[in-house]
Amino acid sequence: MQENDQDNFKRELGLLDGTMLVVGSMIGSGIFIVSADIARQVGSAGWLTLIWLVSGLITIIAAVSYGELSAMFPKAGGQYVYLKEAYNKLIAFLYGWSFFAVIQTGTIAAVGVAFSKFAAYIYEPLSDENVLFQLGSFKLNAAQIVSIFTIILLTYINSRGVKNGKILQTVLTIIKILSLLGLIVFGLTLAAKATVWDANWANAWTPRSYNVDSSSWLPISGKALITGISAAMVGSLFSSDAWNGVTFIAGEIKNPKRNVGFSLFLGTFIVTIIYVLTNLMYLAVIPLDEIATAKSDRVAVVASQYIFGDIGTLIIALMIMISTFACNNGLIMAGARVYYTMANDGLFFKKAAVLNKASVPEWALWAQCIWASALCLTGKYGDLLDFVIIIVLIFYILTIYGIFILRKKMPNAERPYKAFGYPFLPLLYIIVATAISISLLITKFSTCGWGILIMLIGIPVYYVTKPKENQ
């Protein structure tokens, strides 16, 4: 059944579309906000830049490793399919379960809320302080309505066919890349001050932690430094995540054996360069203390104020609205394909396996929309994101280890593309990602523990819901 249904997908996405989906899904709101928290955790220009660079490099390593899997299994479902082939249906289900419960829907909700935050910057009544309805402790505010509206609108556009989502994604992502490059160029040429740059780099490798209560810096080393780096990397890894979305829609990509892997590499490479350059621009125009204490962590707003004056804040707010809108378009488009593939395996609602007249899994799109909208209403999206990263890392580690398993399990399978630097680079990723995961579990157990719990709840759900013939 699955193979036939795969053929009903229309292969309408080329290399540019795939690359733009990777870039567009990766660049959301993180790069405009996260550097403030990283600066507070590690307190120096060198460490701030290094954390962005390391996050980018391990993301590129993961992406080029995924290239081998995407070429072996060039169909919808991506990471879910790789886990099923390398391990079993239970591991694949736990990924799909976590993906629907938290990873994709929680990220869609958070990105939608980020959109509404910056919409409120332009038009105040759209803010979360404008409470429209209250029942007991539950409050419905204007920002939640805006974020839910954008999720519904993008779901509707994507339900009309992959071509609509593709055009929107490519156009908005190109605008987003050009805007960010414009900000970098103007920042580094117009506003860069040698005094700010020199001061920021004077003690580039002396790590410090910012104490918000006393508004002062404290020197850190040893365990405190490891804790600081772990906490800082949550933000940079989040900002670099969602690159694997292109693997979910492999069933709609032309020549997927070549284009999926190539777009993974190009997309992650482009974003890493943009992220590192953006942070160098921040360090050229904003004193480090101001990066760490930016209001609501909006570092990009502070930067644009230095570069363009007061009009800069409106420019950046519009830019972030475009950025988050395109990011959610990519997330919404890609996510539904995972539920479609799970449903074909009898591990999700049957209706999710049905393609509509436009050859897209419309029911899966709307199911995702409803749950993501519900998460917008909880007001807990910040916590959701905090414990998403641990699940994301665990499944990335398992998937990349799956390359080693499949080399033994299917030695003669066609591999049009082989993992770059195998076995050393995939192994390096596994070691680094495992170290980060362990460090996060130790230092942020209160939030990461919940992430693990949500994932484990999927085990009884799997045995209760899976079809009898699979038992």
Side-chain angles (χ1 to χ4, degrees), residues 26 34 38 41-42 47 50-69 78-80 82-88 90-92 94-99 102-103 107 222-244 247 264 268 272 385-409 419-456 458-459:
M26 285 176 75
V34 163
I38 296 175
Q41 301 288 353
V42 292
W47 283 102
L50 184 66
I51 280 168
W52 280 103
L53 190 59
V54 169
S55 298
L57 288 175
I58 63 172
T59 300
I60 293 171
I61 290 171
V64 295
S65 299
Y66 266 51
E68 175 169 324
L69 298 168
Q79 195 166 350
Y80 166 81
Y82 312 154
L83 288 164
K84 186 179 73 173
E85 296 289 349
Y87 300 93
N88 51 48
L90 171 61
I91 299 290
L94 287 181
Y95 172 72
W97 159 263
S98 306
F99 190 80
V102 178
I103 298 173
T107 307
K223 190 186 173 189
L225 176 59
I226 292 168
T227 303
I229 292 169
S230 301
M233 286 195 78
V234 170
S236 56
L237 285 170
F238 257 132
S239 305
S240 305
D241 196 30
W243 50 267
N244 58 340
T247 68
L264 279 168
T268 51
T272 299
L385 282 192
D386 215 16
F387 56 69
V388 164
I389 195 68
I390 190 80
I391 317 178
V392 168
L393 283 172
I394 286 168
F395 283 112
Y396 281 161
I397 293 163
L398 285 172
T399 306
I400 288 173
Y401 185 64
I403 297 169
F404 294 83
I405 293 173
L406 288 166
R407 289 265 180 126
K408 286 184 177 175
K409 202 173 175 182
F420 182 74
Y422 178 90
F424 304 108
L425 287 182
L427 204 57
L428 177 66
Y429 178 87
I430 291 167
I431 292 165
V432 173
T434 303
I436 294 168
S437 301
I438 292 167
S439 180
L440 282 172
L441 270 176
I442 293 167
T443 58
K444 286 196 159 196
F445 185 75
S446 59
T447 45
C448 290
W450 281 106
I452 302 289
L453 182 65
I454 285 174
M455 181 178 72
L456 294 178
I459 295 174

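All values derive from a computational prediction rather than experimental measurement.
- The closest side-chain heavy-atom distance from F445 to L440 is not below 4.5 Å.
- Ring pair Y422/F404 is tilted by interplanar angle, where 30° to 60° counts as tilted.
- Under the side-chain contact (heavy atoms from CB on, under 4.5 Å) test applied with Y429, the options T434, V64, I61 reduce to a single match, I61.
- S230 places none of its side-chain heavy atoms less than 4.5 Å from the side chain of I436.
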inquiry  = Determine whether L406 and L69 satisfy the following criterion, side chain to side chain contact (heavy atoms under 4.5 Å, CB included), listing intermediate values before the conclusion.
reply    = CA-CA 9 Å; L406 288 166; L69 298 168; 3.6 Å; yes

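- Judged purely by distance below 3.5 Å, without hydrogens or angles, the side chains of N244 and Y82 never pair a donor atom with an acceptor atom.
- The shortest distance between side-chain heavy atoms of I229 and I226 does not fall below 4.5 Å.
- Minimum heavy-atom separation, I397 to S437: CD1-OG, 3.9 Å.
- Interatomic distance, S65 OG to I60 CD1, rounded to the nearest 0.5 Å: 11.5 Å.
- Of all non-hydrogen atoms in A232 and I38, the two that sit nearest each other are O-CG1, 3.5 Å.
- In this structure the side chain of W52 reaches within 4.5 angstrom of the side chain of S239, judged on heavy atoms.
- Between the side chain of W97 and the backbone N or O of I454, at least one donor-acceptor pair lies under 3.5 Å.
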query = Can E68 and R407 be said to form a salt bridge (charged side-chain N to carboxylate O under 4.0 Å, His left out), step by step?
reply = CA-CA 10 Å; E68 175 169 324; R407 289 265 180 126; 2.7 Å; yes

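- Of all heavy-atom pairs between L94 and M455, the closest is CD2-O, 3.4 Å.
- When all heavy atoms of V34 and S236 are compared, the closest pair comes out as CG1-N, 3.8 Å.
- Here the CE atom belonging to M233 is positioned 9.5 Å from the CD1 atom belonging to I389, to the nearest 0.5 angstrom.
- A distance of 10.5 Å separates CG of L427 from CD1 of I400, quoted to the nearest 0.5 Å.
- Under the 4.5 Å side-chain criterion, counting only non-hydrogen atoms from C-beta, I58 is not in contact with L428.
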ask   = M26 and T268: side chain to side chain contact (heavy atoms under 4.5 Å, CB included), yes or no, with the steps?
value = CA-CA 8 Å; M26 285 176 75; T268 51; 4.0 Å; yes

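- The closest donor-acceptor contact from the side chain of S439 to the backbone of A435 lies at 3.5 Å or more, if one exists at all.
- Between A419 and I403, the shortest heavy-atom distance links the atoms CB-CD1, 4.4 Å.
- If you take CG on L264 and OG1 on T59, they are separated by 11.5 Å, rounding to the nearest 0.5 Å.
- Residues T227 and Q41 fail the side-chain proximity criterion, which asks for heavy atoms closer than 4.5 Å.
- L393 and A433 get closest at one heavy-atom pair: CD2-CB, 4.2 Å.
- Separating the OG atom in S98 from the CD1 atom in I103 is a distance of 5.5 Å, to the nearest 0.5 Å.
- For the residue pair Q79 and Y66, a side-chain donor N or O sits within less than 3.5 Å of a side-chain acceptor on the partner.
- Side-chain contact between L441 and I390 is present, with heavy atoms from C-beta onward closer than 4.5 Å.
- The structure places CG of L83 at 9.5 Å from CG of N88, a figure rounded to the nearest 0.5 Å.
- At a threshold of 4.5 Å between non-hydrogen side-chain atoms, the residues I430 and Y396 do not count as touching.
- Taking the six-membered ring for Trp and the full ring otherwise, Y95 and F395 have centroids separated by under 6.0 Å.
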